[in-house]
Amino acid sequence: MNHFELKGGELTCEDVPLARIAEAVGTPVYVYSSATLERHYTVLRDALVGAGLGEPLIAYAVKANSNVAVLRTLARLGAGADVVSEGEIRRALAAGVPPERIVFSGVGKTAGEIAFALETGVCEINVESEPELHLVNAVAQAMGRRAAVAIRVNPDVEAGGHAKISTGKADNKFGVSLSQAERLYANAANMAGVRPVGVTCHIGSQITDLAPLEAAFGKMRALVERLRAEGLAVERLDLGGGLGAPYFNQPTPPTPGDYAAMIARVMAGLTDLQFAFEPGRMIAANAGVLVARVLHINQRPDGRRFLVLDAAMNDLLRPAMYDAYHDIRPVAPREGDLAPYDVVGPICETGDTFTRDRLLPPLEAGDLVAFMTAGAYGAAMSSEYNSRLLAPEVLVKGADYAVVRPRPTYDDMLARERTAPWL
Ligand code: PLP
């Protein structure tokens with residue numbers, strides 16, 4: 001459920017008409033609903049607690065939507081943060097996420113980033129390879145610290161969905177095999193600079209079937225039991241993120257309740273363990289839309305009709321990158337027959353096509369449209385390609401809204417660059 005609805009013939013976010021925001025802030029613009037963010041976090045937490053999984057650490061995956069106001073909205077509910085760079089650690093801290101709720105993931109952390117994470121006091125560094133374990137050990141020892149680490153396991157499970165966001169097969173770059181994890185965990189227990197506290201996995205994103213998750217989690221449970229049988233302490237089991245969000249017209253993901261019940265079944269009887277989760281998309285995707293304006297409609301003699309928007313692939317990369325589907329809705333729908341449109345942006349690439357032959361109600365130049373389910377991996381993946389300014393971000397709460405990332409100016413954009421001394 002989300003809080004983008006037609007009210008009085010106009011698409012609104014909570015109690016604010018999207019047209020009002022577009023008028024005041026300009027387009028393209030990302031708009032987020034506080035109520036939807038809060039609801040998604042709370043529904044997940046309640047489902048996990050209700051299934052008897054104790055008080056989990058829900059470390060929201062910052063990469064999905066890293067706006068500090070979004071992070072703060074979730075932090076106020078008790079969310080932690082799953083981060084993959086020093087920049088994301090800094091964002092989480094700026095949003096008020098306590099360091100002891102920050103989990104540091106990622107296949108290629110630098111020594112500098114590891115040192116920063118240790119200074120900050122993050123709760124766990126998710127180690128993804130043997131060389132990384134040695135690097136964390138060395139950095140921590142040099143600082144006179146002992147780093148809490150979890151070993152990221154690649155459980156060799158096909159998550160389904162798009163190949164670019166599948167992460168749990170043996171040939172993906174993430175984590176170590178189950179047998180390597182067992183050996184690394186035992187080695188880590190004997191290292192002066194690290195303390196193994198748990199194991200972690202994350203098999204992909206936009207997962208719409210519980211079966212691969214269940215297969216992976218079964219392997220993780222068996223691993224915890226083997227480690228404990230060897231006399232090694234395991235305090236935390238981090239099951240990653242990956243549960244899909246409902247994108248209109250796409251396979252429907254399992255509910256948080258079904259997800260939690262499956263985990264409770266797989267983990268039954270496993271005691272003295274804290275469960276951790278790293279959800280991104282399921283919390284943020286349906287909490288945001290990208291609002292764009294129709295620049296013109298280019299009608300070809302062969303009947304093809306291009307709807308040219310002021311938003312482009314630099315603002316919302318998912319269709320070009322993953323062939324992702326976003327429902328597109330007129331902000332003030334007109335009565336009339338549906339007709340097919342190719343919806344495109346102004347960038348000089350044919351890849352800057354959001355969709356082809358999409359049936360849409362009547363539209364005219366100047367109309368506003370909203371890309372639904374754009375709150376995750378939308379603004380976070382945007383760029384200034386074609387020297388287009390980053391789209392601003394707006395957070396709505398009830399009848400109020402705030403610009404939480406203003407549109408930069410062209411002077412801001414140019415001020416970041418220097419000329420070379422010989423030019
Ligand atoms: N955790 C890790 C380690 C990830 O790599 C990702 C996504 O790439 C996530 C969590 C979040 O995944 P999702 O947004 O599908 O929940």
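As the structure lists them, so they are numbered: ligands from 1, and atoms in each ligand from 1. Position 1 is the first residue of the sequence; numbering continues from there.
When the shell of 6.0 Å around CZ of R183 is examined, it contains more than 12 heavy atoms from other residues, nucleotides or ligands.
Taking 4.0 Å as the cut-off, G240 does not count as a neighbour of ligand 1 on heavy-atom distance. Not close to ligand 1: A376, with no non-hydrogen atom less than 4.0 angstrom away. Within the structure, the closest approach of Y377 to ligand 1 falls below 4.0 Å when heavy atoms are considered.
With a 6.0 Å cutoff to the six-membered ring centre and a 45° limit on the axis angle, R358 counts as a cation-pi contact of Y325.
Evaluated by nearest non-hydrogen atom to atom 10 (C) of ligand 1, the leading choice among R281, E278, Q206 is E278.
Under the 4.5 Å side-chain criterion, counting only non-hydrogen atoms from C-beta, E130 is not in contact with V176.
In this structure, R76 CZ and S34 OG are separated by 9.0 Å, a value rounded to the nearest 0.5 Å.
Ligand-side atoms of ligand 1 in range of R152: 3 (C), range being under 4.0 angstrom from any heavy atom. Residue-ligand proximity, A61 to ligand 1, at heavy-atom distances under 4.0 Å covers atoms 9 (C), 10 (C), 11 (C). Residue contact check: P279 has heavy atoms under 4.0 Å from atoms 16 (O) of ligand 1.
The protein atom (non-hydrogen) at minimum distance from atom 9 (C) of ligand 1 is H202 CE1, 3.3 Å. Scanning the protein for heavy atoms near atom 15 (O) of ligand 1, the closest one is S205 OG, 2.3 Å. In terms of protein heavy-atom proximity, atom 5 (O) of ligand 1 is nearest to K63 NZ, 3.3 Å.
Looking at E214 and R265, a side-chain N of the basic residue comes within less than 4.0 Å of a carboxylate O on the acidic one, giving a salt bridge. Ionic pairing of R236 and D238 is not present here: no N-O contact between side-chain nitrogen and carboxylate oxygen is shorter than 4.0 angstrom.
Close N/O approach between L243 and ligand 1 is not found [any backbone or side-chain N/O within under 3.5 Å]. The distance criterion of under 3.5 Å between nitrogen or oxygen atoms is met by D82 with respect to ligand 1. Ligand 1 has an N or O atom lying under 3.5 Å from an N or O atom of G280, backbone or side chain.
In this model, no donor atom of one side chain and acceptor atom of the other lie less than 3.5 Å apart for H326 and T373.
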Mind running salt bridge (charged side-chain N to carboxylate O under 4.0 Å, His left out) on E384 and R416 for me, showing each step along the way? CA-CA 12 Å; E384 289 180 342; R416 291 201 310 266; 2.6 Å; yes

Assess the residue pair R318 and Y247 against the criterion (side-chain contact (heavy atoms from CB on, under 4.5 Å)); give the C-alpha distance rounded to whole Å, side-chain angles, the decisive distance to 0.1 Å, and a yes or no. CA-CA 12 Å; R318 300 188 64 257; Y247 289 83; 3.4 Å; yes

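When heavy-atom distances to ligand 1 are checked against a 4.0 Å cut-off, V84 has no atom that comes that close, whether in backbone or side chain.
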